[in-house]
Amino acid sequence: MWRSLRPIGRSDASGGYRRYAWTGADADCRLWFRMQAEARRLNYEVDRNGNQWAWLGDPERGDAVVTGSHLDSVPDGGAFDGPLGVVSSFAALDELRRRGVTFTKPLAITNFGDEEGARFGLACVGSRLTAGKLTKEQAYGLTDGDGISLPRAMEAAGYDPEAIGPDPERLARIGAFVELHVEQGRALDLSGDRVGIASAIWPHGRWRFDFRGEANHAGTTRLVDRRDPMLSYAETVLAARREAELAGAVATFGKVAVEPNGVNAIPSLVRGWLDSRAADQATLDVVVEAIERAARERAERDGIDLAVVRESFTPVVEFEHALRDELGKLLGGERPVPVLGTGAGHDAGVLSGSIPTAMLFVRNPTGVSHSPAEHAEEDDCVAGVTALADVLEGLACS
Ligand code: HGY
Ligand code: MN
Ligand code: MN
């Protein structure tokens, strides 16, 4: 299964993945999902928001146990972030069939669309729409770097954007959603465990900083006559690191767009995207406000107009304790399974306000993620499948 998914959307140049929402690579991933579902004689469907579902049993019975993750990636992302959860879900079902269990509840495997927000800038679009945390109007306002809107992209991929919107009936039929994900950190590597359980997700967001200056000749314009937005941007990037360090938070400018982007032209516009996260909302607010203040002070000095737009935000998630502890009981062996927080967002986090959700993490020996170097060892991945099978058996076969 893993080998058949691996080549899809992989860049030969970087070895990373470019599986962006509603592109050809995304379509190929979706076809892969459908084939896996049909090969297992599961009832395949796509919901109004383009999320894929593979059902065992009749969803109308309700109280379904659902597992899955996402197949899309960040630019040049790794092979495991998302796909490990989807592949492990199918493998866990295969394991449960080998065990000969009897399901007493409906079971579904899902692929939530556009979790990374790499193309349209908003994280977890598929699950946010389903949970009613993103309205149809807001979704229609999303555009990619080429100015293609989300609805146009969905249409081009053969999906009807008119249908998108909240799906409370679907969520009402789910009793629990468990997402297995490669750990994006080294807590399990440091503790020597193969598998962990999530406790919480840090609040996190994405802010776009637009620094507008004045285009001019790089060779003939005196320094005193310049209104160079690149200086304000550079100062802001350094301020972001300073403020994050002071507050014990994280802040990253990982994406920048320059107009006209010519070597010998002072830019007219520099757009920088800030990703910032902290253990609690108050700290995150302090950090982002301090970064914006530093940006405004420098922009003032440089004669630059600054606009800051919050493009994505996810409040703190505390996973439901009952389900979290149920997983601990189902997996507890001679030593308890570690319970750990994370700074990474997930569909399970977005859905946690609507239905009981939980997460399983699989050891990542280097902690590296959102990089072609992301890796998990096969025996740890197999341990993840076994743990997921144990959890699904405990929840859906009791
Ligand atoms: O950015 C995140 O935390 C997740 O990978 N979408
Ligand atoms: Mn990710
Ligand atoms: Mn992910």
Side-chain angles (χ1 to χ4, degrees), residues 5 9 16-21 25-26 29 33 51 67-89 110-129 131 133-134 142 177-185 187 196 198 200-208 244 249-255 273-279 284 310-317 319 340-352 357-362 364 366-376 381 384 388:
L5 181 60
Y17 287 87
R18 300 174 179 174
R19 296 166 173 167
Y20 312 143
D26 188 34
C29 286
F33 181 93
N51 304 306
T67 184
S69 189
H70 62 95
L71 292 175
D72 69 305
S73 72
V74 297
D76 281 351
F80 296 80
D81 175 353
L84 183 65
V86 178
V87 169
S88 300
S89 297
T110 60
N111 166 33
F112 282 104
D114 198 2
E115 190 276 345
E116 294 291 4
R119 182 174 175 188
F120 297 100
L122 178 67
C124 301
V125 171
S127 52
R128 276 180 211 265
L129 281 168
K133 294 185 173 174
L134 175 69
L142 295 174
F177 172 62
V178 179
E179 178 171 4
L180 180 145
H181 205 283
V182 66
E183 188 194 347
Q184 293 163 307
I201 296 177
W202 282 15
H204 57 284
R206 306 179 189 187
W207 290 262
R208 196 187 76 239
V250 290
T252 313
F253 275 93
K255 176 178 175 179
W273 280 264
L274 168 69
D275 176 312
S276 190
R277 313 185 188 204
L284 180 59
R310 191 178 78 174
E311 291 195 338
S312 180
F313 177 70
T314 309
V316 65
V317 167
F319 286 105
L340 36 127
T342 179
H346 300 281
D347 293 308
V350 168
L351 296 171
S352 69
T357 67
M359 290 193 75
L360 286 177
F361 291 127
V362 170
N364 174 339
T366 64
V368 169
S369 184
H370 287 189
S371 156
E374 181 184 68
H375 180 74
C381 295
L388 183 58

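Indexing begins at 1, ligand by ligand and atom by atom, following the structure's order.
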Practice problem: Compute the angle centred on the Mn ion (ligand 3) spanning NE2 of H181 and NE2 of H70, and express it rounded to 10 degrees. | Solution: 120°
Quiz item: If we only count N/O pairs under 3.5 Å, is A344 in contact with ligand 1?
Solution: no
Quiz item: Can you check whether L180 reaches V362 side chain to side chain, under 4.5 Å on heavy atoms?
Solution: yes
Self-check item: Approximate separation, where rounding is to 0.5 Å, of L84 CG and E179 CD
Solution: 10.5 Å
Quiz item: From L122 CG over to E115 CD, what is the distance, rounded to the nearest 0.5 angstrom?
Solution: 10.5 Å
Practice problem: Measure from atom 3 (O) of ligand 1 to every heavy atom in H204, Q184, R277, H346 and give the option owning the shortest one. | Solution: R277
Quiz item: Atom SG of C29 and atom CG of D72: how far apart are they, to the nearest 0.5 Å?
Solution: 8.5 Å
Quiz item: Side chains of H70 and D81: do they bring a donor and an acceptor to under 3.5 Å?
Solution: yes
Quiz item: With only distance considered, is H370 within less than 3.5 Å of ligand 1 through an N or O on each side?
Solution: yes
Self-check item: side-chain hydrogen bond (donor to acceptor under 3.5 Å, both in side chains) partner of S127, chosen from D347, N51, T357
Solution: D347
Quiz item: At a 4.0 Å threshold, what atoms of ligand 1 neighbour a non-hydrogen atom of E116?
Solution: 4 (C), 5 (O), 6 (N)
Exercise. Identify, by name, the N, O or S atom of E116 lying closest to the Mn ion (ligand 2).
Key: OE2
Quiz item: Does any N, O or S atom of D81, backbone or side chain, fall under 2.8 Å from the Mn ion (ligand 2)?
Solution: yes
Self-check item: Protein heavy-atom partner closest to atom 4 (C) of ligand 1 - residue, atom, separation in Å
Solution: G345 O, 3.4 Å
